[in-house]
Amino acid sequence: MRQYDIERISRTIPFSFLPEKVMEELFEHFSVEEHKKGTTLFVQGKSRVEKVYVILKGSLERYYESRKGKKLSGKLGEGDVYGGMSILINNAASVVTLKVVEDSIFFTLPVEKFLDVCSKFEHFKGFFTNTFGKWMQNKSYAGILSRQTNKKEYAPSFFNQPVSAIFKPNLVSCSFESTIKQAAQKMTKNKISSIFIKDKNNKITGIVTDSDLRKRVIIKGYDIARPVSEIMSGSLVSVDAGAQVFEACLILMKKTLNHLPVRNKAGKITGVITNNDLLDAQGKSPYLIIKEIKAATEFEQLENIHSRLPEMLLHSIQNGVNTQNLTKLITAFSDAILDKIIRFAIDKTGEPPCKFAFIVMGSEGRAEQTLKTDQDNAIVYEDIDDKSLQKQAQSYFNELSILICTWLDKAGIDFCEGNNMAMNPKWCQPLSVWKQYFSKWIHTADLKDLLHSSIFFDFKGAWGDTYIADQLKSYLVKSLKDWPGFFRHLTENAIYFKPPMGFFRNFVVHSKGEHKDSFDLKMAMLPITDCSRVYALKHGIKETNTLSRLFRLYTKHILTTEEYNDITQSYNYLMNLRFLKQVTTVIDEGKKPNNFINPNNLSRIDQTMLKEIFKRIENFQQKTNVEFIGMT
């Protein structure tokens, strides 16, 4: 090999990770190969990979093949490496189909020497396993489904595309002094359902929609000769044209809007996108179900509404929504149900005697709900000095909470088996009592207290006067600073549950019962949630979402870049598998969703990925153990 070629390989990742002396020994084992344009170098699952290929010159396309055909999943060019993942993870069977699209030259390294280097240098090996993990995370989630379900070929990523892809700038406006009649005529002429209002300086200050005309003019008999500015909505909520369509959907749902102004890169409004635009572009949307919930006028319309969630999620998965956005979608869905039910309940029980906050805990408090979920909620109301009013408030909130929890159950969100619900009088208390609970759990820290803290400390205000929940959160953070010994007990609890992997790297599964030969994915990823909670509470991080906590820990330099990437990739991969398992169980098998998975039903790739992930979870537990207990 020429000196120039040797230097090129030495600069190529991951060979650049190796010591210079090791590379000098490897050089004599490299060979040069040439392949012509049009050559199919490997066929997915059929061709055996016996060398690692470093591309010196040329270009290749890699294809992912499913029952419905093959799909381009990316290109490889000069400096890219192929073969390592196939050798390490897929028993040397090519993980993709690889086709040469330009005459190409390769350096190749025999599998024996490659494996020898991997056995000696973990970081070198880790490049291929971690790269595979990233590839699995970034490729279409529909691709995962396509090899494991019998559904049709999936659509492109609707939710992940920018708003600009389905939005055409079309700014129609009128002046501040224009009459209502003139504005309506202009809307009719342009066949639009909204119009922007500009002030004397030609600046957009508001919007009038067809709904405004109906509700504020026609129904009330308002004089159409009056200025249109009198009926406009002045507080404009907008979205950036480069934002994901998913973000626009969430804004429309959360703000109960039908029209959403769109800004360009300069921050200037260039038009409006409507819910109809989204529906026309997508054909079918989760937005419809959430809009239906928001439009309900009586509880009966919400009965068993949660059963429609699997179909909603499957459609979202088909459109390329990633794990984080799926959980956001479920949160928006759950929030819409909760909001309506509480409003219906208050309509029935009457206005509350004092201010209160309805809080949610556990997975809902962390915004990490899946299809398999139940209620974890409570009520915190303000302290009242008058004893007679105290009894009145307690009686009122007990009645209200029973109604809310019962209706949530009928809507399809099951009662909590542990009775951690607002309808349990113990969890329906004034702020001062909640502070007493938290103080006891922190200072006593027996097994029951630790169980309560793992559920209740991941809380958020979901409805009502949420500043009361914020006060409780601040009290929690301060109390933990004053009693650092609590973290030792919390850590012992966090490292107690281990990933389901035995001493010889075999999966630990149930030996009998309904879930024989399976393990619980929820329990497998529990250490990530628990350890993240320990660190977050220790460092005063008020976020409850696990990924948000991990990111904050990373920005505080508590986690290294490598640790952060390992943990978040592991978390996302396991959450992907949970969603996949739950959706297919409901839709394909007609059963209730669960978190149990039989590793024998997974491909060799998925099995290897799981073992790598469990190893990283154990590393995270070990790090937590050392930092909070001091044991190795």
Side-chain angles (χ1 to χ4, degrees), residues 1-65 70-136 138-139 143 604-605 608-609 612:
M1 294 180 69
R2 299 175 301 172
Q3 183 63 33
Y4 172 71
D5 293 335
I6 292 173
E7 290 176 357
R8 291 185 69 175
I9 296 177
S10 296
R11 293 194 302 268
T12 300
I13 297 175
F15 293 98
S16 59
F17 299 165
L18 299 174
E20 185 176 339
K21 196 168 185 179
V22 174
M23 282 303 304
E24 289 176 358
E25 295 173 357
L26 269 184
F27 289 145
E28 62 182 87
H29 299 284
F30 276 96
S31 301
V32 178
E33 289 188 16
E34 296 185 19
H35 292 279
K36 296 293 184 181
K37 176 182 177 180
T39 303
T40 299
L41 203 56
F42 297 107
V43 177
Q44 178 186 311
K46 296 180 180 179
S47 301
R48 186 168 180 80
V49 180
E50 298 179 336
K51 306 172 186 175
V52 172
Y53 291 73
V54 181
I55 303 172
L56 171 64
K57 180 182 178 182
S59 179
L60 299 92
E61 290 179 341
R62 63 185 187 194
Y63 294 88
Y64 170 74
E65 300 200 30
K70 64 182 181 180
K71 177 181 176 183
L72 182 65
S73 64
K75 290 188 176 183
L76 298 177
E78 182 178 337
D80 286 328
V81 180
Y82 184 78
M85 292 184 291
S86 301
I87 293 168
L88 291 172
I89 290 173
N90 206 33
N91 200 27
S94 183
V95 294
V96 294
T97 292
L98 204 61
K99 185 176 181 180
V100 180
V101 293
E102 292 179 12
D103 290 351
S104 299
I105 302 175
F106 306 86
F107 296 123
T108 62
L109 181 68
V111 63
E112 295 82 7
K113 294 306 300 180
F114 170 71
L115 291 175
D116 181 54
V117 175
C118 285
S119 67
K120 296 175 181 176
F121 299 94
E122 186 66 27
H123 56 288
F124 178 83
K125 176 184 176 183
F127 168 81
F128 296 97
T129 54
N130 281 335
T131 299
F132 180 72
K134 293 173 186 175
W135 182 69
M136 289 293 287
N138 294 334
K139 78 188 184 72
R604 183 181 294 274
I605 292 176
T608 305
M609 279 299 299
E612 289 291 331

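One-based numbering along the sequence shown.
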Legend entry - L109 CG to I87 CD1 distance, which is reported to the nearest 0.5 Å: 8.5 Å
Legend entry - Non-neighbouring partners of E50 that pass side-chain contact (heavy atoms from CB on, under 4.5 Å), sequence neighbours left out: R48
Inset, instruction - Could you pull out the closest heavy-atom pair between F42 and S94, with the gap in Å? - result: CB-OG, 3.5 Å
Legend entry - Residue pairs, two or more places apart or on separate chains, that pass salt bridge (Lys or Arg N to Asp or Glu O under 4.0 Å) and touch residues 90-115: K113-D116
Inset, instruction - Rounded to the nearest 0.5 Å, what's the gap from NZ on K51 to CZ on F106? Could you check? - result: 11.0 Å
Legend entry - Aromatic contact, F107 with F15 (centres under 6.0 Å): no
Legend entry - Test side-chain contact (heavy atoms from CB on, under 4.5 Å) applied to L98 and T40, step by step: CA-CA 6 Å; L98 204 61; T40 299; over 6 Å; no
Inset, instruction - If the plane angle is over 60° it's perpendicular, under 30° parallel, otherwise tilted; pick one for H35 and Y53. - result: tilted
Inset, instruction - Measure the spacing between CD of E33 and OG of S104 and express it to the nearest 0.5 Å. - result: 11.5 Å
Legend entry - V117: partners by side-chain contact (heavy atoms from CB on, under 4.5 Å), with sequence neighbours left out: L18, L26, F121, F124
Inset, instruction - Quick one: closest heavy-atom pair of V96 and R62, and the distance? - result: CG2-CB, 3.8 Å
Legend entry - Atom pair CD (E25) and CD (E20), whose distance is rounded to the nearest 0.5 Å: 11.5 Å
Legend entry - V101/L60 under side-chain contact (heavy atoms from CB on, under 4.5 Å): CA gap, chis, key distance, verdict: CA-CA 5 Å; V101 293; L60 299 92; 5.5 Å; no
Inset, instruction - Answer yes or no: is there a side-chain heavy-atom contact under 4.5 Å between V95 and Y82? - result: yes
Inset, instruction - Would you indicate whether the side-chain heavy atoms of C118 and L88 approach each other to under 4.5 Å? - result: yes
Legend entry - Rounded distance [0.5 Å steps], CD1 in I9 versus CZ in F27: 6.0 Å
Inset, instruction - Name all residues meeting the side-chain contact (heavy atoms from CB on, under 4.5 Å) criterion together with I105; count only those two or more places apart in sequence or in a different chain, and write none if there are none. - result: V32, E34, L56, K57
Legend entry - Residues that T12 engages under side-chain contact (heavy atoms from CB on, under 4.5 Å), provided they are two or more places apart: V54, V81
Legend entry - Residues that E24 engages under salt bridge (Lys or Arg N to Asp or Glu O under 4.0 Å), provided they are two or more places apart: none
Legend entry - Interatomic spacing from CD in Q44 to OG in S86 - rounded to 0.5 Å: 9.5 Å
